[in-house]
Amino acid sequence: MPSAPREELLRAQAARLEKNLRRHPDLEWAKVKKRLEASVGKLWSLAEMERTGGEPDVVGQDSKTGECIFFDCSPESPKGRTRACHDREALDSRKEFKPKASAMDLAAAMRIELLTDEQYRELQKLGEFDTRTSSWLKAPPEMRKLGSALCGDRRYGRVFVHHNGAQSYYSGRGSRGWRRV
């Protein structure tokens, strides 16, 4: 990653960490920055999360490994990852009006994972996300075998995690990801 974009990303991360201290009250920027600078490949993933509108922010730290955990923390589902069905199987099954991509393919290309149901609920404890959009989540294999997938949103002051046909796609549904650094 060239030095100018790397420095710009580090500045954005420092500003976001400072602005959202309640998401990570026990983390210091110097420690987060050190981990980021030591992980160029992972830094690239965060840059991709940023480029697609995810506003990645550190939301925790693994107590065993010391790794920082970043989630997409944009208020609404990342705009650069909307209009996608859930996964490649769903994309391939569409006969008409195929979307250009799948949420799982986009995540894999960025070297991130989709949030799980549990991670999405943890994210929602940090603020109000997806009040006008929804986000694809990682679907359990048994659900995918039945043709469905998970998505989440916040409406009426409540967090909803529900199912939808994996082949469906909407302009207001994107995907939220996460990455360890």
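No experiment lies behind these values; they were computed from the predicted model shown.
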Quick one: does W178's side chain get under 4.5 Å of V59's, heavy atoms only?
no
Distance (rounded to the nearest 0.5 Å) between C68 SG and K42 NZ:
10.0 Å
Nearest 0.5 angstrom please: H24 NE2 to L17 CG, how far?
3.5 Å
Could you check whether atom CD of E8 has more than 12 heavy atoms from other residues, nucleotides or ligands sitting under 6.0 Å from it?
no
If you draw a 6.0 Å radius around NZ in K100, do more than 12 non-hydrogen atoms from other residues or ligands fall strictly inside?
no
May I ask you to decide if L36's main-chain N or O and S39's side chain share a donor-acceptor pair within less than 3.5 Å?
no
ILVMFWY network linking W29 to V58, side-chain heavy atoms under 4.5 angstrom
yes
Tell me whether R179 contacts the main-chain N or O of I112 through its side chain, where contact means a donor paired with an acceptor under 3.5 Å.
no
Minimum-distance pair of heavy atoms, taken over all atoms of P99 and A84:
CB-CA, 4.2 Å
Enter the distance from S168:OG to W136:CH2 here, rounded to the nearest 0.5 Å.
4.0 Å
Report whether F160 and L137 are members of the same hydrophobic cluster (ILVMFWY, side-chain heavy atoms less than 4.5 Å apart, transitive linking).
no
By the definition salt bridge (Lys or Arg N to Asp or Glu O under 4.0 Å), identify the one residue from R16, K19, R23 that meets it with D57.
R23
Got a second to check how far E113's CD is from Q119's CD, nearest 0.5 Å?
8.5 Å
Connected via hydrophobic side-chain network under 4.5 Å: F71 and M110
no
Could you measure the distance from the CG atom of L46 to the CG atom of L43? Nearest 0.5 Å is fine.
6.0 Å
Please confirm whether the backbone N or O of R94 pairs with a side-chain atom of Q167, one donor and one acceptor, at under 3.5 Å?
no
Taking all non-hydrogen atoms of both residues, which atom of S77 and which atom of S175 are closest, and how far apart?
OG-N, 3.3 Å
Closest approach of A107 to L114 (non-hydrogen atoms, all atoms of both residues):
CB-CD2, 4.1 Å
Taking the side chain as everything from C-beta on, heavy atoms only, tell me whether Q124 gets closer than 4.5 Å to R158.
no
Which atom pair, heavy atoms only, marks the closest approach of L150 to P140?
CD1-CD, 3.8 Å
Applying side chain to side chain donor-acceptor pair (under 3.5 Å), run through R173 and S134 and close with a yes or a no.
CA-CA 5 Å; R173 178 171 298 151; S134 62; 2.9 Å; yes
Check the pair K31 / Q61 against side chain to side chain contact (heavy atoms under 4.5 Å, CB included), numbers first and verdict last.
CA-CA 11 Å; K31 291 180 181 177; Q61 189 170 27; 5.7 Å; no
Taking the side chain as every heavy atom from C-beta outward, state whether E67 and R35 have any pair of such atoms under 4.5 Å apart.
yes
Following the transitive rule for hydrophobic clusters with a side-chain heavy-atom cut-off under 4.5 Å over Ile, Leu, Val, Met, Phe, Trp and Tyr, establish whether I69 and V181 coincide in one cluster.
no
Under a 4.5 Å cut-off applied to non-hydrogen side-chain atoms, are V32 and Q13 in contact?
no
Taking atom CZ as the centre, does R132 end up with more than 12 heavy-atom neighbours from other residues, nucleotides or ligands that are less than 6.0 angstrom away?
no
For S74 versus F129, what's the shortest heavy-atom pair and its separation?
O-CD2, 3.3 Å
Roughly how far, to the nearest 0.5 Å, is OG of S135 from CG of D130?
3.5 Å
Would you kindly confirm whether V159 and L115 end up in one hydrophobic cluster when ILVMFWY residues are joined by side chain heavy atoms under 4.5 Å apart?
yes
Whether K145 and E142 form a salt bridge (side-chain N of Lys/Arg under 4.0 Å from carboxylate O of Asp/Glu) is what I want to check.
no
Around H162, counting heavy atoms of other residues, nucleotides and ligands shown, do more than 12 lie under 6.0 Å from its NE2?
yes
Would the number of heavy atoms belonging to other residues, nucleotides or ligands and lying under 6.0 Å from CZ of R83 be above 12?
no
Could you list the cluster mates of F97? Members are the ILVMFWY residues connected by side-chain heavy atoms closer than 4.5 Å, either directly or through other members.
Y169
Looking at E37 and L10, what are the two nearest heavy atoms and their distance?
OE2-CD1, 3.9 Å
Donor-acceptor side-chain pairing of S45 and R111 below 3.5 angstrom
no
Taking only Lys NZ, Arg NE, NH1 and NH2, and the carboxylate oxygens of Asp or Glu, determine whether E122 and K125 approach each other closer than 4.0 Å.
yes
